[in-house]
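Structure, as structure tokens:
Only heavy atoms go into these numbers, but all of them, side chains included; no hydrogens, no water, no symmetry mates. Order of the sequence lines fixes the chain letters, A, B, ..., with proteins taken first and strands second; residue numbering starts at 1 for each chain.
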Amino acid sequence: DTAVSQTPKYLVTQMGNDKSIKCEQNLGHDTMYWYKQDSKKFLKIMFSYNNKELIINETVPNRFSPKSPDKAHLNLHINSLELGDSAVYFCASSQYGGWGEQFFGPGTRLTVL
Amino acid sequence: AQTVTQSQPEMSVQEAETVTLSCTYDTSESNYYLFWYKQPPSRQMILVIRQEAYKQQNATENRFSVNFQKAAKSFSLKISDSQLGDTAMYFCAFMSSESGSNYKLTFGKGTLLTVNP
């Protein structure tokens with residue numbers, strides 16, 4: 001059983017389009033995250049939700065809008081895609097507090113042409 | 001803000017040998033968590049080992065161990081008996097335990113480790 005899943009795994013699109021990435025976890029965790037890994041492999045937090053409430057909102061263009069319909073799902077919608085948005089986007093989940101060990105999804109490689 | 005520095009962009013080791021990856025961090029906090037994550041070519045992020053700052057004993061997980069030097073703010077990863085499957089990008093990460101940090105991970109830039117046969 002997949003613990004943290006993301007769809008799609010690959011996404012190729014044109015500049016200016018709007019796209020969404022979906023994430024689901026079946027670990028019973030209450031906190032989910034979006035990370036961006038750029039072309040140099042650098043990983044940086046973007047957003048985090050705890051029980052559907054936004055708790056981390058790093059400096060990210062407002063073209064990026066996360067949404068958590070319930071604590072098992074966290075989606076990322078990106079408007080007006082730009083070339084610089086090309087990256088791998090990782091979803092992760094954890095139980096808030098304690099070790100906070102984060103379990104990562106397989107990543108979504110987004111390519112903007 | 002916390003920073004994590006991995007000074008070795010790339011390293012290589014022969015199969016069965018031992019290799020140490022270095023990591024330093026900067027924080028004013030007294031308690032926090034440190035992690036090493038592995039990212040093989042499959043892209044999956046895999047937790048290798050973790051350490052709580054208030055624990056003096058160095059963490060070990062089979063062939064993986066850390067050398068945690070709190071005063072020096074150093075957290076190196078030692079891989080013993082290297083295997084071809086250890087070839088991956090290794091990321092050091094810091095997590096604050098303080099209220100308001102919300103457990104976000106701050107990553108270093110990674111070290112690409114290649115294990116040669």
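Between the side chain of Gln6(B) and the main chain of Tyr90(B), a donor-acceptor pair closer than 3.5 Å is present. With hydrogens and angles ignored, the 3.5 Å screen pairs no side-chain donor or acceptor of Thr24(B) with any backbone N or O of Lys73(B). Asn58(B) contributes a side-chain N or O that, together with a main-chain N or O of Phe68(B), makes up a donor-acceptor pair within less than 3.5 Å. A donor-acceptor pair under 3.5 Å is formed between the side chain of Gln39(B) and the backbone N or O of Arg43(B). Of the possible polar contacts, one joining the Lys70(B) side chain to the Ser30(B) backbone as a donor-acceptor pair under 3.5 Å is found.
When hydrophobic clusters are built by joining Ile, Leu, Val, Met, Phe, Trp and Tyr residues whose side-chain heavy atoms come closer than 4.5 Å, directly or via intermediates, Phe75(B) is grouped together with Met11(B).
Only the side chain of Met89(B) comes within less than 4.5 Å of a heavy atom in chain A; its backbone stays farther off.
Val4(A) has its side chain out of reach of Phe104(A): every pair of non-hydrogen atoms, C-beta onward, lies at least 4.5 Å apart. You'll find the side chain of Gln25(A) stays beyond 4.5 Å of the side chain of Phe103(A), heavy atoms only.
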- request: With side-chain hydrogen bond (donor to acceptor under 3.5 Å, both in side chains) as the test, would you mind laying out the steps for Glu29(B) and Ser96(B) before giving the verdict?
  value: CA-CA 8 Å; Glu29(B) 300 171 22; Ser96(B) 169; 2.7 Å; yes
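Distance check, rounded to the nearest 0.5 Å: CG of Leu27(A) to CE of Met32(A) gives 9.0 Å.
Annotation: residues 108-117 of chain B contacts chain A through Gly108(B), Lys109(B) [non-hydrogen atoms, separation under 4.5 Å]. Among residues 70-92 of chain A, the residues having any heavy atom closer than 4.5 Å to a heavy atom of chain B are, in sequence order, Val88(A), Phe90(A).
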